[in-house]
Amino acid sequence: MTSQEIKNLTHQYIMNTYGRFPVAIDHGRGARLYDPEGREYIDFTSGIGVTDLGYGYQPWADAVADQAKKLNHVSNLFYTEPAARLAEILCRRTGESCVFFANGGGEANEGLIKLARKYSFDKYGQGRATIITLKSSFHGRTVTTLKATGQDVFHNYFFPFTEGFRYAAANDLDDLEAAAGDDVCAVMVELVQGEGGVLPLNPEYVKALAELCAQRDWLLLADEVQTGVGRTGTLFAFQQYGILPDAVSFAKGIAGGLPMSGVLASEKCRDVLGPGTHATTFGANPICAAAGLVVQETLSDAFLEEVKAKGAYLRKGIEALNLPCFGKTRGLGLMIGIEVKDGFTNKDIASKLIENGLLVLTAGPGMRLLPPLVITREEMDKGLEIMGRVLA
């Protein structure tokens, strides 16, 4: 099919819930994507942080194909090897105790919320179920995770929302304590607020928050849907903050492009969700888990150090362009935000770059870059060249 035929068919038969850019993608290699007519795009998005190993990565493709021929799905009423092995690796690499596997980020965050509320119910009974989240946060698009999201713009249309959430300013412990009360069971944070604008939390605030949660017996919940699986230069961002959360959600790049997510839980939370309290049909799917094993094998310590170096290189290159529309950069690893100056809009900038062969994202009022973790220096330089030429 041609690009236009794909667009026409999409408009006719797929629900119009996305503001799509006018590009159809047919195939890819490394950090480069191509439309059906063969036009090349440098990818600084990786499917919104999903395709961490890029496109056409042979070990990943072989593992998916081999597992598909062996066993595609049997449900969690039985045991399978790929999920067990992946869970072991994740726990050993993070210091957490156990894993629940799910399908997407919103579902993983629902798991965090259920775990926290049941932990508190089991220990304290009813009346202690409120979860504090941060302003400018984003936690998903289910009715519950929309309410958990600390942005008023998302609290519309779908009334009544799930109750039991309050919001505090990021990096302000006093404001968080002011929002607290005897009804609180947990605090849920993104260590780098993604959709809010790629806003890293201050390390001192995070450590103080962890201490406060331990003192009050609130669970510290880390939403690492976007920051996890190597994106920030460590397997999970919390490892750069020197904390061990009570539970951590993950998704996006865990299976390198297949739908998979989950919750990592600490030793004190490992038995909170027992049989009958939480489940999902496709969780721990063998094909997704086999893909996840390849991702973990690839994300060695040396590879993760390279992610940090690539992020620093890309940020330095952007700032060196001294573009009239951009201010400073921020972020961790290959999760990069760019300030957009007054007089410019991120959507117009994104459209111009995409028209000229560079795929980018927006977040809050700024730009967001989430390149594949395997992106090469040559591919980064090509993206920077497009950026400089188009936006100068």
Side-chain angles (χ1 to χ4, degrees), residues 45-55 57 59-94 96-115 138-142 145 190 194 221-232 234-238 247-265 273 278-299 335 370 372-374:
T45 72
S46 60
I48 316 183
V50 171
T51 51
D52 41 13
L53 303 185
Y55 308 96
Y57 187 65
W60 182 89
D62 290 343
V64 170
D66 291 345
Q67 184 61 48
K69 287 183 283 188
K70 182 179 179 181
L71 181 69
N72 54 340
H73 179 75
V74 291
S75 89
N76 287 299
L77 297 177
F78 307 96
Y79 298 90
T80 59
E81 178 184 342
R85 289 176 55 207
L86 181 57
E88 178 190 22
I89 292 170
L90 289 170
C91 289
R92 289 186 181 277
R93 295 189 72 177
T94 61
E96 299 288 1
S97 181
C98 61
V99 184
F100 174 87
F101 287 115
N103 306 284
E107 186 182 357
N109 284 334
E110 289 263 0
L112 285 186
I113 293 163
K114 288 180 66 176
L115 184 147
F138 180 83
H139 296 294
R141 293 189 180 274
T142 67
T145 55
E190 302 165 276
L221 310 176
D223 174 352
E224 294 235 25
V225 167
Q226 194 165 148
T227 55
V229 199
R231 173 56 53 187
T232 64
T234 48
L235 189 60
F236 286 92
F238 74 78
V248 181
S249 62
F250 59 86
K252 296 289 187 184
I254 186 65
L258 294 182
M260 192 179 206
S261 69
V263 172
L264 280 158
L273 296 175
H278 199 51
T280 180
T281 297
F282 293 104
N285 174 269
I287 298 174
C288 296
L293 287 170
V294 177
V295 172
Q296 291 301 310
E297 290 165 3
T298 306
L299 301 189
M335 184 176 183
L370 304 171
L373 305 185
V374 296

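Count residues from 1 along the sequence.
- Between Leu90 and Phe101, the closest side-chain pair of non-hydrogen atoms falls below 4.5 Å.
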Name each donor-acceptor pair under 3.5 Å that joins a side chain in residues 289-297 to protein atoms two or more places apart or in another chain, with its distance.
residue, atom, partner, partner atom, Å
Gln296, OE1, Arg93, NH1, 3.0

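- Checked by atom type and distance alone, the side chain of Lys252 never pairs as donor or acceptor with a backbone atom of Gly105 at under 3.5 Å.
- Residues that satisfy the side-chain contact (heavy atoms from CB on, under 4.5 Å) test with Ser261, not counting sequence neighbours, are Ala102, Ala108, Ala251.
- For Phe250, the ring pair (Phe, Tyr, Trp, His ring centres under 6.0 Å) criterion is met by no residue, not counting sequence neighbours.
- Closest non-hydrogen pair, Leu112 versus Ala222, comes out as CD1-O, 4.0 Å.
- The distance from atom CG of Asn285 to atom CG of Leu258, rounded to the nearest 0.5 Å, is 8.0 Å.
- With contacts defined as side-chain heavy-atom distances shorter than 4.5 Å, the pair Thr298/Leu373 does not qualify.
- When side chains are defined from C-beta on, Glu190 does not count as touching Gln226, because their heavy atoms never get closer than 4.5 Å.
- Residues His73 and Thr281 meet the side-chain proximity criterion, which asks for heavy atoms closer than 4.5 Å.
- Not counting sequence neighbours, the partners of Ser46 by the side-chain contact (heavy atoms from CB on, under 4.5 Å) test are Asp43, Thr51, Arg231, Leu370, Pro372.
- Between atom CG of residue Leu264 and atom SG of residue Cys98 there is a gap of 8.0 Å, rounded to the nearest 0.5 Å.
- Taken to the nearest 0.5 Å, the OG1 atom of Thr94 stands 11.5 Å off from the CD1 atom of Ile89.
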When the side chains of residues 76-86 are checked against the rest of the protein, which donor-acceptor pairs come out under 3.5 Å, sequence neighbours left out?
residue, atom, partner, partner atom, Å
Asn76, ND2, Gly283, O, 2.9

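- Using modelled atom types, no side-chain atom of Trp60 and backbone atom of Tyr55 make a donor-acceptor pair closer than 3.5 Å.
- Proximity of Leu273 to Val263: side-chain heavy atoms (C-beta onward) are nowhere separated by under 4.5 Å.
- Looking only at distances, a side-chain donor or acceptor of Glu224 sits under 3.5 Å from a matching main-chain atom of Ala237.
- Judged as a ring pair (Phe, Tyr, Trp, His ring centres under 6.0 Å), and not counting sequence neighbours, the contacts of Phe100 are His278.
- With a 4.5 Å cut-off on side-chain heavy atoms, Thr142 and Glu107 do not count as touching.
- We find the OG1-CD distance between Thr280 and Glu110 to be 11.5 Å, quoted to the nearest 0.5 Å.
- The heavy-atom pair separating Asn109 from Asp223 by the smallest distance is ND2-OD2, 3.0 Å.
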